[in-house]
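Residue numbers start from 1 in every chain, and the chains themselves are labelled A, B, ... in the order their sequence lines are given, proteins ahead of strands. Worth saying up front: this structure is predicted, and the values here are computed from it rather than measured.
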Amino acid sequence: MLRSHTCGQLRKSDIGTEVTLCGWVESKRDHGGAVFIDLRDRYGLTQVVLGPPEANPELIAEASKVPAESVILIKGKVADRLEGKTNDKLETGDIEVRCHHYEILNACTTPPFTPGQSDLPGEDLRLKYRFLDLRRSEMQEALVRRSQIIKKMRDYFAERDFIDVETPILGRSTPEGARDYLVPSRVHAGHFYALPQSPQLYKQILMVAGFDRYVQVAKCFRDEDLRADRQPEFTQLDLEMSFVDCDDIIGMIDGLVAETAKEVLGKDIQLPLPRMTYDEAMRRFGHDAPDLRFDMEIVDVTPVAKKTEFRVFRGTADAGNFVRGMRVPGGAKQYSRRQIDVLTEFVKEFGAKGLAWFRVEDDGSLFSPIAKNFDEAHLAEIKELLAGTPGDLLVFLADTWETTCKGLYALRKRFGAEMKLYDADALNCSWITEFPMFDKDEETGNWHAMHHPFTAPLAEDLPKLESDPAGCRAQAYDLVINGSEAGGGTIRIHDSEIQSKVFGLLGIDEKTAEDRFGFLLNALRFGAPPHGGIALGVDRWVMLFAGLENIREVIAFPKTQKASDLMTDAPGEVDAAQLTELHLKTVKTKS
RNA sequence: GGCGCGGUAGCUCAAUUGGUUAGAGCCCCGGACUGUCGAUCCGGAGGUUGCGGGUUCGAGUCCCGUCCGCGUCGCCA
């Protein structure tokens, strides 16, 4: 090592020691006769002083010219700081190093921004100069936390007899699911590999092979549009177990959640984590990943709507649709008429036609531009159903079940954030269970697997598999942290006959199934143990555990919304020769 | 693909209703300075207002197109 200590290491007890430090010049304060340099590495910041008598005038003059963010090596003696000159903001603030030897290991060209500056530059610039951005303490902390969490996961499963097995990155395209990233084959003209959306099939095969407990930190790829919590390339903690049911997997992850929260955040999590069925989640919160850090539940007032004269409510109810609403405690003051107009526009983004609202007045009466359409008794009933108290805002959507779910879920999320209804430090973890096996594509009328086509139905719903697909529930479970899907898994079908039936329902004919999943169907005939597993979103875990709101903040080299890497300029063009070799030709598409 | 926000000096931002030579702080360059820690003081440089077109006597500002970044809907088994 070039250095004897790190920049975060030295304390009063080291005074008098001769040390060698290496690091980056965070800042420099030049007084002519003496120069102060804050030297930084990932461990901290140490003040280096170049002044007489240790440093000669030439050395001081040279140091005064060193550009910010240069990498230097200094030798000197640890010294006590003068009375009243200590710096409480630094761990090393009680000492300084009096430098007698100084060399530039690599001078920094003028950087577009510095890690220490108070104004964070635009994100495109941060991504282009990621090596500078990653010098920022926030980024370093996030990646350290990521490393801790992954280590915790690996240790936890290793202690429980899981075997880490790597599965291929070059696989084959699957007919269902997200859009694949494809890799052309040079050897097989016109054939393509697909990058894995998850190691799903391989881990099931590993169970058939008798590995019993498998785990992997797996890179996954999905060519879909990005979001604040979504990257095209992301990391899953993927695992699979044999001879298990839902409770076994959930219990295993419960333990991981509690241990991780304890070790990484010092937080105690009560086990078992609460569970809620999918139906209940949709009914109470309108979404399968509800944010349970705060209350505020959806209330169905359709029965009252049916009795009223208000056309919008009555018509919706009579058509078999729903009128559902929420109580916003104290919302009457928070939201003016004008702001309610904004909310109305907001719910339209989710397909709602409008937003009905009532204000609970001081005398307990309901005020609303639509109130005149209601009998007193019906108003009273609505107020009672929502437990409205003076100062509350009551909001309603009258629409299909799906639209009321979407709109009210979005509103609830917005109210939660705008009215600060939850503790920003809270870590709320829970399970959503009993997902439907299938959902229907409204355009084509086709059934889709809600999770994936290998998901086992609940045993009690097995008879309904073909007669009532919509009512058939799956042995599926999602881990939800602070309203974000942090993981999901299922018990798999381990019987080739049931698997074929499910493929049939999904419109995957025998030939396609044989073509794409023949190896799995085949394996299921060779002594397949009952098995199931789960995949945890590592990036999201880190984001949630770090209290961050963007997945790019926990990924060293993330991609932009258009899936490009601003640092390397990927994706890029390739030589014509490369294309020829891969039997590819590019075509221009009209845009 | 749709909707919304943004793009002005290296960086962060400002610029009245469309009106003089587009400003400030930081950074950078030169100078002064032995106790700073956002050092200070003096001086200086730095602009295709993302790009292209249009309206106008006149456009950073208005209009159209386009590129890029962000958020979101669709999408994401």
Side-chain angles (χ1 to χ4, degrees), chain A residues 26-39 45-53 55 57 60 64-65 67-69 79 81-90 92-93 96 98 109-114 116-129 132 174-180 197-198 200-201 220-232 234 342 345-351 406-407 410 413-414 435 437-439 441 443 447-455 474 476 485 488 490 502 506 508 535 537 549-550 552 559-562 564 566 591:
Chain A
E26 166 106 352
S27 71
K28 182 182 66 188
R29 293 172 293 279
D30 180 3
H31 288 247
V35 177
F36 299 88
I37 288 174
D38 287 339
L39 196 62
L45 212 64
T46 296
Q47 174 163 284
V48 176
V49 189
L50 290 99
I60 295 170
S64 76
K65 285 193 199 110
E69 291 304 308
R81 287 214 192 178
L82 301 175
E83 184 72 26
K85 303 294 183 187
T86 58
N87 186 342
D88 301 338
K89 289 181 222 158
L90 294 182
T92 59
E96 61 193 10
R98 303 203 58 97
T109 187
T110 304
F113 64 92
T114 57
Q117 79 185 43
S118 51
D119 295 321
L120 198 60
E123 194 169 3
D124 44 354
L125 203 72
R126 291 176 53 205
L127 290 172
K128 180 168 181 191
Y129 295 91
L132 295 180
T174 49
E176 284 225 345
R179 194 177 294 112
D180 284 317
Q197 296 180 24
S198 84
Q200 185 59 39
L201 298 172
C220 303
F221 307 85
R222 294 178 190 175
D223 187 4
E224 297 292 348
D225 286 343
L226 277 61
R227 289 291 183 281
D229 63 352
R230 241 157 63 186
Q231 280 276 303
F234 61 101
V342 172
E345 287 310 304
F346 175 67
V347 294
K348 283 179 183 171
E349 289 172 41
F350 303 91
K406 278 184 192 170
K413 209 163 136 179
R414 185 168 174 150
F435 281 76
M437 279 287 287
F438 312 102
D439 60 359
D441 186 320
E443 278 176 35
W447 293 103
H448 279 259
M450 188 104 171
H451 195 78
H452 59 54
F454 319 108
T455 302
E485 183 192 332
T490 63
V502 170
L506 295 173
I508 302 174
E549 283 177 1
N550 197 295
R552 294 184 297 278
K559 302 216 167 18
T560 68
Q561 204 173 62
K562 302 197 96 181
S564 44
L566 298 181
S591 41

**Report entry** A:Glu349 CD - B:G71 P separation (whole Å)
**Finding:** 15 Å
Query raised in the report: Which is true for A:Thr174 with a 4.0 Å heavy-atom rule: it touches a base, it touches only sugar-phosphate, or it touches nothing?
Result: nothing
Report summary line: Closest non-hydrogen atoms of A:Arg81 and A:Gly93, given as atom of the first, atom of the second and distance, are NE-O, 3.4 Å
Report summary line: Separation of B:G69 atom P from A:Leu120 atom CG, nearest Å, is 17 Å
Query raised in the report: Which part of the nucleic acid does A:Gln561 contact within heavy-atom distance under 4.0 Å: base, sugar-phosphate only, or nothing?
Result: base
Requested in this report: Can you tell me, in whole Å, how much space there is between the P of B:G4 and that of B:C64?
Outcome: 11 Å
Report task. Any chance you could lay out the side-chain contact (heavy atoms from CB on, under 4.5 Å) test for A:Phe438 and A:Leu506, step after step, and finish with the verdict? Result -> CA-CA 8 Å; A:Phe438 312 102; A:Leu506 295 173; 3.7 Å; yes
Query - Counterpart base for B:G44, defined by Watson-Crick or G-U wobble contacts under 3.5 Å - result: B:C28
Query raised in the report: Under 4.0 angstrom, heavy atoms only, what part of the nucleic acid is A:Ser64 near: base, sugar-phosphate, or nothing?
Result: nothing
Query raised in the report: Quantified in whole Å, what is the P atom distance between nucleotide B:G7 and nucleotide B:U49?
Result: 14 Å
Report task. Answer yes or no: does a side-chain N or O of A:Lys89 lie under 4.0 Å from OP1 or OP2 of B:C37? Result -> no
Query raised in the report: Going by an N to O cut-off under 4.0 Å, is there a salt bridge joining A:Glu123 and A:Arg552?
Result: yes
Query - A:His31 over B:G35, stacked by centroid distance under 5.5 Å, angle under 30° - result: no
Query raised in the report: Does any N or O donor sit under 3.5 Å from an N or O acceptor when you compare the side chain of A:Arg81 with the base of B:C37?
Result: yes
Report task. Answer with base, sugar-phosphate or nothing: what part of the nucleic acid does A:Pro112 contact at a heavy-atom distance below 4.0 Å? Result -> sugar-phosphate
Query raised in the report: For A:Lys559, which residues count as a salt bridge (Lys or Arg N to Asp or Glu O under 4.0 Å) partner, sequence neighbours excluded?
Result: A:Glu233
Query raised in the report: When you check the phosphate oxygens OP1 and OP2 of B:G71, does a side-chain N or O of A:Arg552 lie under 4.0 Å from one of them?
Result: yes
Report task. Could you check how far CD of A:Glu224 sits from P of B:C76, rounded to whole Å? Result -> 6 Å
Query raised in the report: Stacking here means centres under 5.5 Å and planes under 30°; does A:Phe36 stack on B:U36?
Result: yes
Report summary line: Per-nucleotide protein contact along nucleotides 24-29 of chain B, 5' to 3', at a 4.0 Å heavy-atom cut-off (B base, S sugar-phosphate only, - neither), is ------
Report task. Give the rounded distance in Å between these two atoms: CZ of A:Arg98 and P of B:G35. Result -> 12 Å
Report task. Take atom CG of A:Asn87 and atom P of B:A39, then tell me their distance rounded to the nearest Å. Result -> 11 Å
Query raised in the report: Given B:G74, is OP1 or OP2 found less than 4.0 Å from the side-chain N or O atoms of A:Lys406?
Result: yes
**Report entry** B:U16 - base-pair partner by Watson-Crick or wobble geometry, distances under 3.5 Å
**Finding:** none
Report task. Would you sort out whether A:Phe454 and A:Thr490 count as a side-chain contact (heavy atoms from CB on, under 4.5 Å), showing the intermediate values? Result -> CA-CA 9 Å; A:Phe454 319 108; A:Thr490 63; over 6 Å; no
Query raised in the report: Base, sugar-phosphate, or nothing: which does A:Arg414 touch, judged by heavy atoms less than 4.0 Å apart?
Result: nothing
Query raised in the report: Is there a side-chain contact between A:Gln200 and A:Thr174, using heavy atoms and a 4.5 Å cut-off?
Result: no
Requested in this report: Mind checking the CZ-CD1 spacing from A:Arg29 to A:Ile37? Nearest 0.5 Å is all I need.
Outcome: 9.5 Å
Query - Polar pair under 3.5 Å, donor/acceptor by atom type, side chain A:Asp124, base B:G7 - result: no
Query raised in the report: Which part of the nucleic acid, if any, lies within contact of A:Lys128, taking any heavy atom under 4.0 Å across all strands shown: a base, the sugar-phosphate backbone alone, or nothing?
Result: nothing
Query raised in the report: Can you tell me how far P in B:A9 sits from the matching atom in B:A22, rounded to whole Å?
Result: 14 Å
**Report entry** A:Leu125 CG to B:G50 C1', straight-line distance once rounded to whole Å
**Finding:** 14 Å
**Report entry** 5' precedence on RNA chain B between A:Asp439 and A:Glu123 (nearest-nucleotide basis)
**Finding:** A:Glu123
Query - Side chain of A:Gln47 - closest among B:C37, B:C70, B:C76 - result: B:C37
Report task. If the plane angle is over 60° it's perpendicular, under 30° parallel, otherwise tilted; pick one for A:Phe346 and A:Phe350. Result -> perpendicular
Query raised in the report: Looking across every strand, which nucleic acid part, if any, lies under 4.0 Å from A:Ile60 by heavy atom: base, sugar-phosphate, or nothing?
Result: nothing
Query raised in the report: Any side-chain N or O of A:Lys85 under 4.0 Å from OP1/OP2 of B:U36?
Result: yes
**Report entry** A:Leu201 CG to A:His452 NE2 distance, which is reported to the nearest 0.5 Å
**Finding:** 8.5 Å
**Report entry** Selection from B:C76, B:G69, B:U12 that lies nearest to any side-chain heavy atom of A:Ala178
**Finding:** B:C76
Query raised in the report: If you look at every strand shown and take non-hydrogen atoms under 4.0 Å, does A:Asp30 touch a base, only sugar-phosphate, or nothing?
Result: base
Query raised in the report: Taking the side chain as C-beta and beyond, is there a heavy-atom pair between A:Pro232 and A:Leu226 under 4.5 Å?
Result: yes
Query - Residue closer to the 5' end of RNA chain B, A:Arg222 versus A:Leu226 (nearest nucleotide) - result: A:Leu226
Requested in this report: Sticking with atom P, work out how far B:G2 lies from B:A45, rounded to a whole angstrom.
Outcome: 47 Å
Query raised in the report: When we call it a touch if two heavy atoms are under 4.0 Å apart, what does A:Gly122 touch: a base, just sugar-phosphate, or nothing?
Result: sugar-phosphate
Query raised in the report: How is A:Arg179 classified with respect to the nucleic acid when contacts are heavy atoms under 4.0 Å: base, sugar-phosphate, or nothing?
Result: nothing
Query raised in the report: Is there a side-chain contact (heavy atoms from CB on, under 4.5 Å) between A:Ile508 and A:Glu176 once you walk through the steps?
Result: CA-CA 9 Å; A:Ile508 302 174; A:Glu176 284 225 345; 4.2 Å; yes
Report task. Please report, rounded to the nearest Å, how far the C1' atom of B:G69 is from the CZ atom of A:Arg126. Result -> 12 Å
Query - Sugar-phosphate only, base, or nothing, as touched by A:Glu96 at under 4.0 Å among non-hydrogen atoms - result: base
Query - Partner nucleotide of B:G4 by Watson-Crick or wobble geometry (both distances under 3.5 Å) - result: B:C70
Report task. Start with the C-alpha gap between A:Thr92 and A:Gln47, add the side-chain angles, then the distance that decides, and say whether side-chain contact (heavy atoms from CB on, under 4.5 Å) holds. Result -> CA-CA 8 Å; A:Thr92 59; A:Gln47 174 163 284; over 6 Å; no
Query raised in the report: Just checking A:Leu506: base, sugar-phosphate only, or nothing, at a heavy-atom cut-off of under 4.0 Å?
Result: nothing
Requested in this report: Using a heavy-atom cut-off of under 4.0 Å over every strand shown, decide if A:Phe454 touches base, sugar-phosphate, or nothing.
Outcome: nothing
Requested in this report: Provide the distance between the two P atoms, one in B:G10 and one in B:G47, to the nearest whole Å.
Outcome: 7 Å
Query raised in the report: Judged by atom type as modelled, is there a donor-acceptor pair below 3.5 Å linking the side chain of A:Gln197 to the main-chain atoms of A:Ala178?
Result: yes
Requested in this report: Check whether any side-chain N or O of A:Arg29 sits under 4.0 Å from OP1 or OP2 of B:U36, and answer yes or no.
Outcome: no
Query raised in the report: Are A:Arg227 and B:C73 close enough that a side-chain N or O sits under 4.0 Å from OP1 or OP2?
Result: yes
Pairs: protein N or O with nucleotides 42-47 of chain B N or O, under 3.5 Å:
none

Report summary line: In short, A:Gly32 meets A:Ile60 closest at the heavy-atom pair O-CG2, 3.6 Å
Query raised in the report: Atom CG of A:Leu82 to atom P of B:U36: distance rounded to whole Å?
Result: 9 Å
